[in-house]
Amino acid sequence: MDLPSPTMNVYHEKLCIVMVGAPARGKSSIAMKLKKYINLGGYKVQVFNVGKKRRETLGNTPSTFFSDMSPEDKERRLQLSLGVLDDLLDWLLSEGDVGIHDATNTTQERRDIILQKVASRSENLRVLFIESICTDECILAQNIKLKLRTPDYSGIEPEVALADFKARMKHYETKYQPLEMEGVDRDRSFVKLIDVGRHIIVNNIDGYLQSMIVMFLCNYHIEPRTLWLTRHGESQMNELGLIGGDSALSPEGEKYAHALAKFVTLQPELKDCFVWTSTLQRTLQTVKFFPSHDKMASLPLLNEIDAGKCDGMTYEQIAATMPEEYELRSANKLSYRYPRGESYLDLIARVRPAIIELERMKDVTFIVAHQAVLRALLGYFLDKEMSDLPHMEVPLHCVFRLLPTPYGIKKTLYKIDLAKFEAGEEVFWTIEE
């Protein structure tokens with residue numbers, strides 16, 4: 001998600017994140033997760049991937065390209081890396097806040113060159129190294145399987161691809177030099193993740209942004225789990241076209257509450273899941289028929305966007321009685337703030353703790369909230385452009401299922417058919433992938 005100017009980077013920090021690690025250690029996955037999380041804080045973030053540049057420049061390259069036996073190949077790898085770094089620094093110094101150099105960077109020599117290049121471009125840029133080390137053979141085997149599905153091995157027989165990739169890994173592992181707490185790395189800022197957060201080492205962290213990144217990495221994991229989200233059932237104010245308020249459910253909303261409870265009981269993975277709602281009665285009434293258990297929580301930070309003085313009005317009434325406000329909102333829904341209320345940017349800041357908690361959790365969670373809140377949550381997890389977030393379609397009486405994968409989120413949409421539910425049909429929903 002790219003935040004339109006002006007950004008929320010009140011500290012005016014510029015940070016170059018340099019990934020470190022042998023192949024198949026999850027560096028790109030960590031980089032993409034970091035991009036989404038840092039962007040949520042109002043920073044402009046981009047990932048600059050050296051492997052992608054290599055494929056665009058040279059096509060698919062065999063494992064021998066990654067050996068130091070050929071001085072020519074070694075020099076080409078260096079120039080590719082520095083070319084991507086130049087692209088990163090050009091963007092960072094012109095408009096960006098955080099650039100992520102996604103590459104192996106496994107030798108002290110390479111990291112020294114990167115630091116020299118950054119310093120030559122600007123003395124105001126900070127550098128944070130993030131090293132991913134994997135000693136868990138199960139995790140490593142899983143990562144290797146994912147690597148064999150990348151464009152590097154498109155159309156290549158699995159056995160041939162596996163042998164080539166293992167040879168590539170060997171080239172890197174024989175020359176690997178980890179970041180160290182002492183010696184030349186002593187005064188450098190870095191984070192070492194071992195076995196996807198089982199063990200984490202932090203050195204010389206400086207500033208708000210680096211501290212925010214460390215907090216995220218401390219909670220990083222790849223445990224499989226799903227997130228389910230739905231709006232509350234139709235409310236009485238929805239029925240009248242009024243915004244905000246704290247009204248009860250309409251008759252259609254009551255039907256949805258019954259249907260949703262039945263739907264939840266028919267999904268095996270939702271057994272004994274966590275259930276989060278806002279504190280507004282339309283969400284509480286939507287879950288009142290759920291199986292009762294001690295994993296339900298009502299959270300004020302999931303309340304609908306505060307419409308301030310416009311609360312309880314229709315958009316037509318706002319246009320007629322507050323035409324300037326109506327025009328301002330129409331021009332930029334993202335940054336527009338309701339009089340004495342909230343903007344979408346305010347809402348995103350409010351729900352950020354919930355997102356951090358969802359990233360930390362290893363359990364299935366079912367959230368019943370409101371349109372603007374779900375736009376913020378879906379926009380984050382689906383990595384949408386922030387400017388598109390206020391316009392995302394989040395219809396009533398539908399359920400979203402999000403399944404995290406190493407390279408993105410798989411989204412499934414369940415549309416609940418209340419007529420089929422009332423008719424007693426066993427399957428009363430349709431599915432869209």
Side-chain angles (χ1 to χ4, degrees), residues 1-21 27 30-48 85-103 105 108 111-133 178-194 197 199-220 345-346 348-353 355-357 359-360 380 386:
M1 299 189 296
D2 295 326
L3 186 66
S5 184
T7 73
M8 296 162 64
N9 182 3
V10 296
Y11 297 97
H12 306 292
E13 294 180 87
K14 297 274 189 177
L15 180 65
C16 177
I17 296 176
V18 179
M19 303 302 298
V20 176
K27 299 181 300 299
I30 294 169
M32 293 307 298
K33 280 272 194 180
L34 272 177
K35 175 183 178 289
K36 292 197 299 183
Y37 174 70
I38 299 169
N39 194 282
L40 190 71
Y43 296 86
K44 290 183 178 180
V45 191
Q46 278 197 29
V47 176
F48 295 80
L85 182 60
D86 272 326
D87 292 342
L88 182 158
L89 294 173
D90 288 343
W91 176 80
L92 197 55
L93 292 171
S94 62
E95 60 179 297
D97 298 311
V98 180
I100 304 177
H101 190 255
D102 185 11
N105 300 315
Q108 190 64 63
R111 297 193 290 268
D112 288 345
I113 292 172
I114 288 174
L115 287 172
Q116 291 164 12
K117 168 72 80 171
V118 173
S120 72
R121 295 290 301 273
S122 173
E123 61 182 16
N124 296 320
L125 293 178
R126 295 180 178 181
V127 176
L128 173 66
F129 293 100
I130 297 178
E131 182 179 17
S132 180
I133 296 173
L179 292 159
E180 301 290 350
M181 296 290 289
E182 300 297 333
V184 70
D185 297 319
R186 178 184 176 89
D187 296 324
R188 294 175 180 175
S189 300
F190 66 78
V191 181
K192 293 168 73 82
L193 283 174
I194 301 170
H199 184 198
I200 184 167
I201 298 171
V202 177
N203 187 72
N204 197 29
I205 296 304
D206 183 27
Y208 171 79
L209 182 52
Q210 292 188 26
S211 298
M212 186 176 80
I213 291 168
V214 169
M215 181 182 68
F216 177 80
L217 292 175
C218 284
N219 293 295
Y220 178 74
L345 293 178
D346 296 329
I348 292 165
R350 167 154 63 85
V351 302
R352 192 181 304 142
I355 290 174
I356 295 171
E357 181 64 10
E359 288 282 19
R360 183 197 67 79
Y380 168 78
M386 192 174 278

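One finds the CG atom of L345 at 13.0 Å from the CZ atom of R350 (value rounded to the nearest 0.5 Å). Atoms CZ and CZ, on F190 and R111 in that order, are 9.5 Å from each other to the nearest 0.5 Å. I194 CD1 to I201 CD1: the interatomic distance, rounded to the nearest 0.5 Å, is 4.0 Å. Here the straight-line distance linking atom CG of N203 with atom CG of D187 works out to 8.0 Å at 0.5 Å rounding. In this structure, CG on L115 lies 8.5 Å from CD on Q108, to the nearest 0.5 angstrom. Distance CD1/I38 to CD1/I213: 4.0 Å, rounded to 0.5 Å.
Taking all atoms of both residues into account, the shortest heavy-atom contact from P178 to K192 is CB-NZ, 3.8 Å. Annotation for G99 and L88: closest pair C-CD1, 3.6 Å, computed over non-hydrogen atoms. Residues M181 and V202 come closest through the heavy atom pair CE-O, 4.2 Å. In this structure, L40 and Y380 approach most closely via the heavy-atom pair CD1-CD1, 4.2 Å. In terms of heavy-atom proximity, K27 sits nearest to S132 at CG-CB, 4.4 Å. Scanning both residues, E95 and K14, for their nearest heavy atoms gives C-NZ, 4.1 Å.
Under a 3.5 Å cut-off, the side chain of Q210 and the backbone N or O of S189 do not form any donor-acceptor pair.
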So L34 and V45, side-chain contact (heavy atoms from CB on, under 4.5 Å) or not? Walk me through it.
CA-CA 9 Å; L34 272 177; V45 191; over 6 Å; no
Could you walk me through whether Y37 and I356 pass the side-chain contact (heavy atoms from CB on, under 4.5 Å) check?
CA-CA 8 Å; Y37 174 70; I356 295 171; 3.7 Å; yes
Passes side-chain contact (heavy atoms from CB on, under 4.5 Å), K36 versus F216? Steps please.
CA-CA 11 Å; K36 292 197 299 183; F216 177 80; over 6 Å; no
Verify side-chain contact (heavy atoms from CB on, under 4.5 Å) between L209 and L128, making sure each step is shown before the conclusion.
CA-CA 10 Å; L209 182 52; L128 173 66; over 6 Å; no
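Within the 4.5 Å cutoff, the side chain of K35 has no heavy atoms near those of the V98 side chain. Side chains of C218 and I200 form a contact here, defined as non-hydrogen atoms less than 4.5 Å apart. Looking at heavy atoms from C-beta onward, I205 lies in side-chain contact with V191 at the 4.5 angstrom threshold. You'll find the side chain of M32 stays beyond 4.5 Å of the side chain of I100, heavy atoms only. Within the 4.5 Å cutoff, no side-chain heavy atoms of R121 are placed close to those of L92.
Every residue meeting the side-chain hydrogen bond (donor to acceptor under 3.5 Å, both in side chains) condition with R188, not counting sequence neighbours, appears here in chain and number order: D112, D185. Scanning for side-chain hydrogen bond (donor to acceptor under 3.5 Å, both in side chains) contacts around E182 gives R186, with sequence neighbours left out.
Using cut-offs of 30° and 60° on the angle between ring planes, the pair W91 and F48 is tilted.
Under the side-chain contact (heavy atoms from CB on, under 4.5 Å) test applied with H101, the options I114, I17, V47 reduce to a single match, I114.
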